[in-house]
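Presented below is the structure to which this report refers.
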Amino acid sequence: MTATADSWEYPTQRKFDDVVPLSEVDPNDKAAVLRSRALAVRESWINAMEGRIIQQELKKCYRAEGVNHYQNCRHLVDLYMNALKEKRVEGWRKAESA
């Protein structure tokens with residue numbers, strides 16, 4: 001079966017335990033700080049991988065649709081352009097200063 005623009009669904013994510021954001025953690029509690037850092041990095045990488053998945057689906061759609069890809073893949077292009085702007089990898093130092 002070839003992938004068409006309408007057959008792709010946005011993937012669901014696995015939910016992890018809630019961890020307090022780095023800005024709200026007591027700096028003296030090292031275990032909580034490390035958990036918060038890990039959460040910030042994990043969320044950042046999840047966002048980046050979502051962008052990569054959208055890019056792969058856009059490539060599939062482009063190849064499958066041929067000359068009609070401008071109309072049939074437009075929603076994926078919009079998702080991908082939004083992901084390029086918003087879904088970047090940020091380290092825990094960036095999250096710590098926010």
Side-chain angles (χ1 to χ4, degrees):
M1 180 177 141
T2 60
T4 63
D6 296 328
S7 67
W8 186 73
E9 293 182 15
Y10 202 74
T12 57
Q13 295 181 21
R14 181 178 141 201
K15 297 295 180 187
F16 290 92
D17 295 334
D18 289 337
V19 179
V20 179
L22 211 57
S23 61
E24 299 174 13
V25 172
D26 178 23
N28 297 326
D29 186 3
K30 299 298 180 192
V33 169
L34 291 176
R35 280 193 305 270
S36 253
R37 285 181 183 174
L39 172 74
V41 171
R42 180 175 56 232
E43 290 300 319
S44 178
W45 274 103
I46 287 172
N47 284 336
M49 292 302 113
E50 285 177 358
R52 186 177 289 178
I53 290 170
I54 295 169
Q55 180 188 38
Q56 291 169 352
E57 292 301 319
L58 179 59
K59 285 180 182 178
K60 286 181 193 174
C61 181
Y62 175 78
R63 290 182 187 128
E65 296 299 332
V67 296
N68 296 325
H69 70 274
Y70 287 114
Q71 292 86 19
N72 298 341
C73 303
R74 185 68 198 168
H75 71 286
L76 289 174
V77 171
D78 293 337
L79 276 175
Y80 185 61
M81 294 305 291
N82 192 24
L84 283 177
K85 293 176 189 171
E86 297 176 2
K87 298 180 183 286
R88 297 184 178 269
V89 175
E90 297 175 355
W92 60 268
R93 291 183 192 269
K94 173 93 176 185
E96 195 171 60
S97 64

Could you give the distance from [atom1] ([X]) to [atom2] ([Y]), rounded to the nearest 0.5 Å?
| X | Y | atom1 | atom2 | result |
| --- | --- | --- | --- | --- |
| His75 | Tyr80 | NE2 | OH | 15.0 Å |
| Lys59 | His69 | NZ | NE2 | 14.0 Å |
| Lys60 | Leu76 | NZ | CG | 11.0 Å |

> Taking only residues two or more places apart in sequence or in another chain, which ones pass side chain to side chain donor-acceptor pair (under 3.5 Å) with Asp78?
Replying inline: Arg74
>> If you compare all heavy atoms of Tyr62 against all heavy atoms of Cys73, which two are closest, and at what distance to 0.1 Å?
In response: N-SG, 3.8 Å
>> Restricting to non-hydrogen atoms, name the atom on Gly51 and the atom on Ala83 that form the minimum distance, rounded to 0.1 Å.
In response: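 Minimum heavy-atom separation between Gly51 and Ala83: CA-CB, 4.0 Å.
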>> Count I, L, V, M, F, W, Y as connected when their side-chain heavy atoms are under 4.5 Å apart, and connections chain through other members. Are Leu39 and Leu34 then in the same cluster?
In response: no
>> Within the supplied structure, the quantity of interest is the number of heavy atoms (other residues, nucleotides, ligands) at a distance under 6.0 Å from Met49 CE; does it exceed 12?
In response: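 Counting other residues, nucleotides and ligands, CE of Met49 exceeds 12 neighbours.
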>> Tell me which one of Val77, Ile53, Leu79 satisfies side-chain contact (heavy atoms from CB on, under 4.5 Å) with Leu58.
In response: Val77
